[in-house]
Amino acid sequence: MESQFDTVVSAYEHSMEEMPFREHVEAWSFLNAVGDITGRDVLDLGCGSGLYARRLRREGAARVVGMDESTAMVEHARRREEREGLGVEYLAADAADPAAGDLPDVAGSFDVVTAVYVLPYASSQEALQGFCATARRALRATGGRFVAAVLNPEFSTDPQWYRGYGMLLSSQQSPAEGTPGHLRAWVGPEVLDLDFFCWSTAAHEEAFRAAGFDRVSWIRPTVSEEGRARYGDAFWANYLDCPHALIIDAHAGPGAAPDSRPSTAEGTTAAPLK
């Protein structure tokens, strides 16, 4: 299927090396939130070129499956797997469709589901809930976790706020759920131009609740000691004051995932989960 990511494989693949915040803030914080996955089975939604799928496997996961709607990304990831032989599996599927969670060898097969910058590409409330439903259906009947790096619902609207970290974020000034936004990122000589959608804290939590997650925690990113030593605290001050992304750690207890498809109601709100 066609995806806006089909033409940015190279830039995405090199962004971890070219953009210091990705390694020293994003990866550092996200992998700490995921925690010890030794011997666990992990599904990485929106795996892209396989950046995190490969790292999760190297961190000791017993089985890692990457899922992405972009066939170009999946093909690239599979070519790397052929060369490196890490044992990572890749699927081309739209994780926003809850049916993706019912695929053979996916449904009820994982201890942990991960997603980095996937939920911001949900263009509708239905798609946002669909991502969460796929994650829940992929978890074992005994329960599990969905750890996702998402767009901070209160990211800075100053167009220069994140420029020092190699990117510009812009969006319409609107309280409506799913308001469009745009990311431009400079990755060495390449430029990433991607459209995203803004969702409130309440919209995120309702999507997780509808999918069957009973506890959600929001985690602010931190900087690795290596990142502080290399770039200095002043470099990271803006980002830590108002990061463009936060991490959600959602837990599901034992039991089957809800059978119903996600609600299509617009403007849904909910009190934060306890």
Side-chain angles (χ1 to χ4, degrees), residues 4 21-22 25-30 32-34 45-46 95-96 113-136 145-185 192 194-211 213-223 236-251 262-274:
Q4 65 174 331
F21 96 91
R22 290 213 70 189
V25 177
E26 173 196 309
W28 167 258
S29 302
F30 184 74
N32 279 340
V34 172
L45 298 184
V113 177
T114 59
V116 176
Y117 307 145
V118 176
L119 273 61
Y121 299 109
S123 60
S124 66
Q125 196 99 32
E126 182 178 19
L128 182 65
Q129 294 184 7
F131 283 128
C132 296
T134 293
R136 179 63 188 91
R145 300 166 61 217
F146 180 23
V147 185
V150 304
L151 184 70
N152 181 359
E154 298 181 359
F155 72 87
S156 176
T157 56
D158 179 346
Q160 297 299 316
W161 193 264
Y162 306 107
R163 185 64 181 87
Y165 311 104
M167 57 186 174
L168 293 176
L169 273 74
S170 60
S171 69
Q172 301 174 17
Q173 297 300 303
S174 169
E177 296 288 10
T179 297
H182 187 78
L183 165 70
R184 167 163 284 195
L192 274 170
L194 298 170
D195 297 319
F196 61 81
F197 302 89
C198 303
W199 298 99
S200 69
T201 299
H204 280 94
E205 292 183 348
E206 173 58 25
F208 281 92
R209 186 194 302 276
F213 291 94
D214 48 34
R215 182 159 54 93
V216 171
S217 299
W218 291 79
I219 302 170
R220 291 181 68 88
T222 58
V223 182
W236 301 109
N238 266 20
Y239 192 87
L240 294 181
D241 184 57
C242 186
H244 92 295
L246 300 174
I247 299 166
I248 297 177
D249 186 359
H251 292 247
S263 168
T264 58
E266 298 294 332
T268 303
T269 60
L273 299 179
K274 302 298 184 182

Going through the checks in order, is the side-chain contact (heavy atoms from CB on, under 4.5 Å) test met by L183 and L192? CA-CA 8 Å; L183 165 70; L192 274 170; 5.7 Å; no

My understanding is that only residues two or more places apart in sequence, or in another chain, count here; which of them pass ring-ring contact (aromatic ring centres under 6.0 Å, His included) with W28? none

Please find the pair of heavy atoms, one from [X] and one from [Y], that lie closest to each other, and give the distance.
X: E177; Y: A203; value: OE2-CB, 3.5 Å
X: A135; Y: V113; value: O-CG2, 3.6 Å
X: H204; Y: L151; value: CE1-O, 4.4 Å
X: P153; Y: L246; value: CD-CD1, 4.2 Å
X: P243; Y: D241; value: CD-C, 3.9 Å
X: G178; Y: F197; value: O-CD2, 3.4 Å

For the atom pair [atom1] ([X]) and [atom2] ([Y]), what is the distance rounded to the nearest 0.5 Å?
X: Q173; Y: T179; atom1: CD; atom2: OG1; value: 9.0 Å
X: R220; Y: S29; atom1: CZ; atom2: OG; value: 10.5 Å
X: T222; Y: N32; atom1: OG1; atom2: CG; value: 6.5 Å

Please name all residues satisfying side chain to side chain contact (heavy atoms under 4.5 Å, CB included) with A149, sequence neighbours left out, ordered by chain then number. F30, V116, Y117

Side chain to side chain contact (heavy atoms under 4.5 Å, CB included) filter on A115, not counting sequence neighbours, yields L45, V118, F146, A148

So, E205 versus W218: side-chain donor-acceptor pair below 3.5 Å or not? yes

Exercise answer: donor-acceptor pairs, residues 161-170 side-chain atoms, under 3.5 Å, sequence neighbours excluded:
residue, atom, partner, partner atom, Å
W161, NE1, N238, O, 3.0
Y162, OH, S156, N, 2.9
Y162, OH, C242, O, 2.7
Y165, OH, F235, O, 2.6
Y165, OH, Y239, N, 3.1

With side chains defined as the heavy atoms from C-beta onward, is the minimum distance between F155 and S171 less than 4.5 Å?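 Side chain of F155 against side chain of S171, heavy atoms only: contact under 4.5 Å found.
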
Would you please name every residue forming a side-chain hydrogen bond (donor to acceptor under 3.5 Å, both in side chains) with T114, sequence neighbours left out? D44

Can you list everything that forms a side-chain hydrogen bond (donor to acceptor under 3.5 Å, both in side chains) with R136? Sequence neighbours excluded, please.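 Here no residue qualifies.
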
List the steps and the verdict of side-chain contact (heavy atoms from CB on, under 4.5 Å) for L119 and W199. CA-CA 9 Å; L119 273 61; W199 298 99; over 6 Å; no

